[in-house]
Amino acid sequence: MDSFGRTVTYLRVSVTDRCDLRCVYCMAEHMTFLPKAQVLTLEELDRISSAFVGLGVKKLRITGGEPLVRKGVMGLFSSLGRHLQSGALEEITLTTNGTRLAEFAGQLADAGVKRINVSLDTLKPELFRTLTRGGDLAKVLAGIEVAQAAGLKIKINAVALAHDNAAELPELIRWAHGIGADMTLIETMPMGEVEADRTDQYLSLTRLRSELESFWTLTDLPLTTGGPARYVEVAETGGRLGFITPLSHNFCEACNRVRLTCTGTLHTCLGRDDAADLRAVIRAGADDAELMEAIRNAVDAKPKGHDFHIGRELAPAVARHMSTTGG
Ligand code: SAM
Ligand code: SF4
């Protein structure tokens, strides 16, 4: 529990800063990736994640960069699966761009993963190629099919972009609901220097919601996630739709999550530069009790709220890229 009485039950773990795509809002075209020595080994990732589970974390989400490009990542899933079997952990999930799902969906299901998030902003192959700087939409769609066949429940995440996909979003939502997937829309967040002007692409989801309500019936669903998403049911499609609006609303009072980067830095707030270096702790030879103490101290200092704002002259609220923190 942090000093504001919030219980932290959810850890998001970034397992790599690398990715096979270069989404325009997430990365610069030419990224410099981290030297291997700075990135936690799979054993270190397991050790720190397991310490969180020992302290009461109930849900792990594996993210990145693109988690499925990390060599040996399936070994991490299988090994963390022991906490599901013991009952200490309720859920392990994954956020992926879907390009390698066809290859890995079966192994994910075997490791005990039940639900995954797939990021997909458009169903137009050309626009997909532009937004991801070279990605192949067909691979992602094939991956989604294989994942569903393996029994994984899918949620589609799309970043709402004023110029690029705004007009297509109703169709994307209808498609996602049509394949039995939930859908969540995300506002662009000012994280890390990228070439694209995010002010220009900013689309208020409050406005988008009003537009959707001009032709659909949206019914609010009760809050359950402890996160920034607010969910509605769309009567016409029978599916669930979430809105993640970090810029238009404050969602910090109920925040239940912290984030571990692939270098072992613990961020207790996505929108602030606070950080605790857990890699230094374990590489200095700390035992599990000392590691847990370092985690407790960091969680105790979790900030009350974030510091996002979007404006033309302002530098990003947070200098690190989303691919470092994992979203
Ligand atoms: N590579 C995986 C993927 O794309 O799902 C996992 C990591 S990615 C950083 C996690 C999520 O962050 C994706 O849904 C992506 O669309 C989102 N994201 C990246 N940069 C963002 C930004 N500047 N604002 C809002 N969402 C962003
Ligand atoms: Fe890669 Fe995900 Fe960032 Fe796109 S959003 S560049 S897929 S890490």
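In this text the structure is predicted, and so the values were computed from the model without any measurement. In this chain, numbering begins with 1 at the start of the sequence shown.
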Q: When you check the gap from the basic side-chain N to the acidic O, do Asp2 and Arg296 get nearer than 4.0 Å?
A: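 The answer is no: the pair does not qualify as a salt bridge.
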Q: How would you list, by chain and number, every residue that makes a side-chain contact (heavy atoms from CB on, under 4.5 Å) with Leu123, sequence neighbours excluded?
A: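 Scan of Leu123 (side-chain contact (heavy atoms from CB on, under 4.5 Å), adjacent residues dropped) gives Leu120, Leu141, Glu168, Leu172, Trp175.
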Q: Is it true that a side-chain atom of Arg61 and a backbone atom of Leu94 form a donor plus acceptor pair closer than 3.5 Å?
A: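 Indeed, once roles are kept as given, a pair shorter than 3.5 Å links the two residues.
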Q: Against the six-membered ring of Tyr231, is Arg240 placed for a cation-pi contact (under 6.0 Å from the centre, within 45° of the normal)?
A: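 Satisfied, under 6.0 Å and within 45°.
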Q: Hey, is the main chain of Thr261 close enough, under 3.5 Å, to the side chain of His267 for a donor-acceptor pair?
A: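 It does not hold such a pair.
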Q: Has Asn165 got a side-chain atom pairing as donor or acceptor with Leu161's backbone, closer than 3.5 angstrom?
A: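 Answer holds: yes.
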Q: Using the test side chain to side chain donor-acceptor pair (under 3.5 Å), find all partners of Asn117 that sit at least two apart in sequence or belong to another chain.
A: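 By the side chain to side chain donor-acceptor pair (under 3.5 Å) rule, Asn117 matches no residue at all.
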Q: Scan side-chain atoms only and decide if Lys155 and Thr184 contain a donor-acceptor pair under the 3.5 Å cut-off.
A: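 Side chains of Lys155 and Thr184: pair found under 3.5 Å.
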Q: Would you tell me whether Thr132 and Arg22 have side-chain atoms, one donor and one acceptor, within less than 3.5 Å of each other?
A: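 No - no donor-acceptor pair under 3.5 Å links their side chains.
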Q: For Ala102, give me all partners under side-chain contact (heavy atoms from CB on, under 4.5 Å), at least two apart in sequence or on another chain.
A: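 side-chain contact (heavy atoms from CB on, under 4.5 Å) check on Ala102 returns Val146.
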Q: Please name all residues satisfying side chain to side chain donor-acceptor pair (under 3.5 Å) with Arg47, sequence neighbours left out, ordered by chain then number.
A: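 For Arg47 the side chain to side chain donor-acceptor pair (under 3.5 Å) partners, ignoring immediate neighbours, are Asp288.
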Q: For His163, give me all partners under side-chain contact (heavy atoms from CB on, under 4.5 Å), at least two apart in sequence or on another chain.
A: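 Here the qualifying residues are Asp200, Gln201.
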Q: Is there any salt bridge (charged side-chain N to carboxylate O under 4.0 Å, His left out) pair reaching into residues 102-122, and which pairs are they, with sequence neighbours excluded?
A: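 Qualifying pairs, neighbours excluded: Glu91-Arg115.
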